Amino acid sequence: MPELSVIVHGPNTQDRLTGLLASLAAHPHPGVEVIVAAVGAWAQETARAYAPEMLVLPLPDGTDNAAARSAGAARAAGRWLHFVHAKDGLPVGAPRMVAERAADLPAEVDVLLFDHVRSTWETSGLPSDDGPLLARAGRAAHPLDALARAALRVTPLLGNRALRTTFWRAHEAELTTPDEPFAAYASLLLADHIAALNQVAYDSHELRPESLPPVTPEEHFALVDRYETLLTRARNRTPATPTTGPAPHTVLYDVMVRDCLRTFARTHMPDAAAREFFRRAAEAAVRHRPPEYRRPAGPEGIRRALLEENAYTRYRAFQAANRARRAAKSAVRGRGRQVAAAVGDRHYRKALSRPVDPGLAVFAAYWNRGVACNPAAIAAKLTELAPQIHPVWVVTPENAPLLPPHTDHVLPGTRRYREVLATAKYLVNNVNYPNAVVKRPDAVHLQTHHGTPLKRMGVDQREFPAAAKGLDFQALLARIDKWDYSVSANSHSTRMWERAYPSRFTSLDYGYPRNDVFYSATAADIRAVRDRLGIPPTHRAILYAPTHRDYEAGWTPRLDLATLADQLGEDTVLLIRGHYFYDGTPSPLTALRRTGRIIDVSAYDPVEDLSLAADALVTDYSSIMFDYANLDRPIVVYADDWETYRSTRGVYFDLLAEPPGQVARTQRELTEILTTEAWHDEGAAKARAAFRRRFCEYDDGHAAERVVRRVFLGESEDALPPVIPLELRTPAPSPREAV
């Protein structure tokens with residue numbers, strides 16, 4: 001029995017079905033069956049091209065979506081159903097990912113929610129707004145009453161959820177409706193328990209409105225009818241468990257009012273139809289308002305009050321007044337910004353007229369987060385070898401209190417900030433300085449980067465809009481053209497930087513300065529780090545450091561960390577390092593800090609300390625693996641969504657074909673690797689050796705010295721310390737050796 005039945009349904013609108021079926025056929029999975037409920041001759045002809053890999057159910061023209069879904073579900077053999085409209089798409093590997101997540105769910109779970117991206121006739125791969133909601137839900141199963149605030153605000157698509165087959169068949173009469181949002185909401189109201197998957201497993205394609213029949217007033221009125229029916233069901237539900245959060249009826253009521261007001265504001269209905277829509281929405285707002293409901297403050301509260309009063313004319317006047325107010329405020333803000341920018345620009349231009357200061361170097365890292373990464377290692381070596389050059393760090397106000405004592409620094413936008421950027425001989429960064437920074441002919445811009453590229457970077461992101469997120473490539477190229485030097489850790493990086501950032505910079509094939517510590521740290525240093533982290537000397541420490549995903553708005557650990565900690569035993573400590581892109585979001589690890597065996601080190605700096613303290617690294621596609629490989633310690637790749645990551649972000653090589661150690665695709669596989677000898681067996685060591693030869697090519701403990709001598713002291717290549725061959729290097733001792 002397959003775990004998942006993918007039910008593709010509907011006509012082949014604008015030939016969208018062809019690409020969907022081609023993708024499914026190119027990436028089959030033994031736990032997934034595909035059933036095509038093909039409506040009309042064109043859909044049937046398209047689907048038959050992929051038989052016998054797929055079961056094709058021919059349905060006559062005019063068969064609505066509800067009937068097509070039911071026809072496909074009736075033939076399904078899978079334990080779970082995923083309804084996919086023929087116009088939509090599935091990211092590569094999505095069915096496998098959903099099937100494997102569903103297989104691990106307890107029997108009481110009826111609905112599995114997951115994230116999606118949106119595509120239109122103009123763009124593709126736009127993130128949804130559901131990521132933070134799904135991240136908040138976590139990976140545990142909950143009854144709707146405990147999850148209403150998040151689940152009922154997830155976009156109401158059948159494509160962004162899987163339904164247990166037995167659940168569907170028990171409630172098919174209530175879920176079989178052409179109104180897909182109604183069915184999506186009803187599935188939650190009927191479910192026993194709900195689970196979430198904070199990963200993209202669906203691509204909802206919006207057709208160009210001009211290619212579709214115009215929306216009638218009756219269809220707008222049906223929106224109100226839908227919510228009235230759903231609210232009645234929600235009010236009559238018996239709560240599954242007591243909860244302190246808002247009841248489903250209250251959440252759904254808020255969703256209804258918001259949706260009705262948005263539809264009223266954004267849809268150009270004739271006046272008579274608009275008045276009738278407003279009246280119906282007003283009656284529904286009064287009839288279904290929960291006793292405990294409180295309108296929000298501010299303009300939104302006024303809108304809702306006017307709706308409840310059915311004050312159509314006053315609402316229109318309020319809209320007009322708000323539009324005028326926003327236009328006026330925008331004009332004032334624009335003038336204010338122009339004045340401030342003009343003053344700042346004059347200061348900067350005046351400073352540019354001064355001579356370049358050969359004794360001044362400006363440093364920044366990670367968008368002004370503080371003293372970190374390659375710039376920090378270079379600055380430290382600069383103080384040792386060229387104390388006549390004064391370093392000044394650019395940091396944000398919130399990070400300034402975290403700087404090491406006596407660190408000279410400037411805040412972005414201040415007068416001194418402009419002065420040092422205008423007059424410094426050296427500008428060092430692991431990202432880019434703002435577009436407005438002028439490249440003076442006698443100044444030196446040093447780009448250090450902050451990782452070895454597995455994922456696509458720079459101009460190579462043009463093919464991956466979900467990753468690029470509107471990146472201005474012309475502005476990017478202008479920033480690149482300011483680089484004089486680009487630091488590289490290996491030949492692979494050198495080639496990829498030249499490809500991703502095409503310009504005239506000189507590549508410094510010296511290694512990453514931040515990795516020097518992996519060859520200079522002593523046993524005492526490692527003991528001290530582990531002591532600061534609270535790791536007992538006899539315990540194994542595993543660092544779990546996943547990367548950022550462009551298709552996820554928030555971070556949810558992709559592992560059940562509590563279960564993993566239990567399975568690894570009392571003598572293993574998990575160090576959990578969330579990606580810095582998620583700074584400021586609530587940590588999902590708060591509830592997992594038990595008995596000292598799970599330690600959230602997301603805010604710990606420097607990350608190199610964590611690597612030194614860890615006996616092994618578990619990561620997915622993070623560049624930390626390339627740095628950690630210098631220590632010649634075990635690395636395990638947890639690649640549960642490799643296909644999705646590869647297709648949405650793009651990669652430069654197949655990590656699964658050239659891994660740094662063992663590869664796990666599920667938590668069960670990861671647990672087996674870590675609880676047996678597999679994590680450090682002969683096969684893992686062989687893979688790691690090949691990986692180190694390729695990606696630790698120039699890292700030998702002297703990278704920072706080479707950079708300082710070449711860039712700041714002007715020494716020739718021949719005078720620099722030569723790169724020590726890999727077989728002659730001695731990494732820092734392992735934690736076991738340091739005891």
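Scope of the values below: all heavy atoms of this structure, side chains included, with no hydrogens, waters or symmetry mates. Numbers for residues simply follow the sequence, beginning at 1. Treat the numbers as computed from the prediction; the structure is a model and nothing was measured.
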### Query
For Asp605, which residues count as a salt bridge (charged side-chain N to carboxylate O under 4.0 Å, His left out) partner, sequence neighbours excluded?
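Asp605 satisfies salt bridge (charged side-chain N to carboxylate O under 4.0 Å, His left out) with Arg577 once adjacent residues are dropped.
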
Sequence neighbours left out, what passes ring-ring contact (aromatic ring centres under 6.0 Å, His included) with [X]? Give chain and number order.
X	value
Tyr638	none
Tyr417	none
Phe114	His82

Distance-only side-chain donor-acceptor flag, [X] / [Y], under 3.5 Å:
X	Y	result
Ser507	Asp509	yes
Asp641	Tyr621	yes
Arg499	Tyr652	no

Who pairs with [X] by side-chain hydrogen bond (donor to acceptor under 3.5 Å, both in side chains), at least two apart in sequence or on another chain?
X	result
Glu100	Arg96
Gln474	none
Thr522	Asp525
Arg668	Asp104

### Query
Which of parallel (below 30°), tilted (30 to 60°) and perpendicular (above 60°) describes Phe712 and Tyr426?
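Ring orientation, 0 to 90° scale: tilted.
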
### Task
Return the orientation label for the Phe626 and Phe691 ring planes: parallel under 30°, perpendicular over 60°, tilted otherwise.
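Taking Phe691 first and then Phe626, their aromatic rings lie parallel (interplane angle under 30°).
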
### Query
Taking the six-membered ring for Trp, is the centroid-to-centroid distance between Trp497 and Phe505 below 6.0 Å?
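No, ring centres 6.0 Å or more apart.
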
### salt_bridge(Asp516, Lys381) N-O dist < 4.0 Å
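Result for this pair is no, no salt bridge flagged.
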
### Message
Closer than 4.0 angstrom, basic N to acidic O: yes or no for Arg530 and Asp615?
### Response
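Salt bridge flag = yes for Asp615 with Arg530.
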
Would you say [X] and [Y] make side-chain contact, with heavy atoms under 4.5 Å?
X	Y	result
Trp367	Thr396	no
Ser493	Glu697	no
Trp679	Ile542	no

Apply side chain to side chain contact (heavy atoms under 4.5 Å, CB included) to [X] and list each qualifying residue two or more places apart in sequence or on a separate chain.
X	result
Asp700	His702, Arg706, Val723, Ile724, Arg729
Pro358	none
Ala678	Gln662, Ile673, Thr676, Asp681
Thr407	Val371, Trp393, Leu403, Pro404

### Task
Validate the cation-pi geometry between Arg694 and Phe653: distance from NZ or CZ to the six-membered ring centre under 6.0 Å, angle to the ring axis within 45°.
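Geometry flag: set, cation within 6.0 Å and 45°.
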
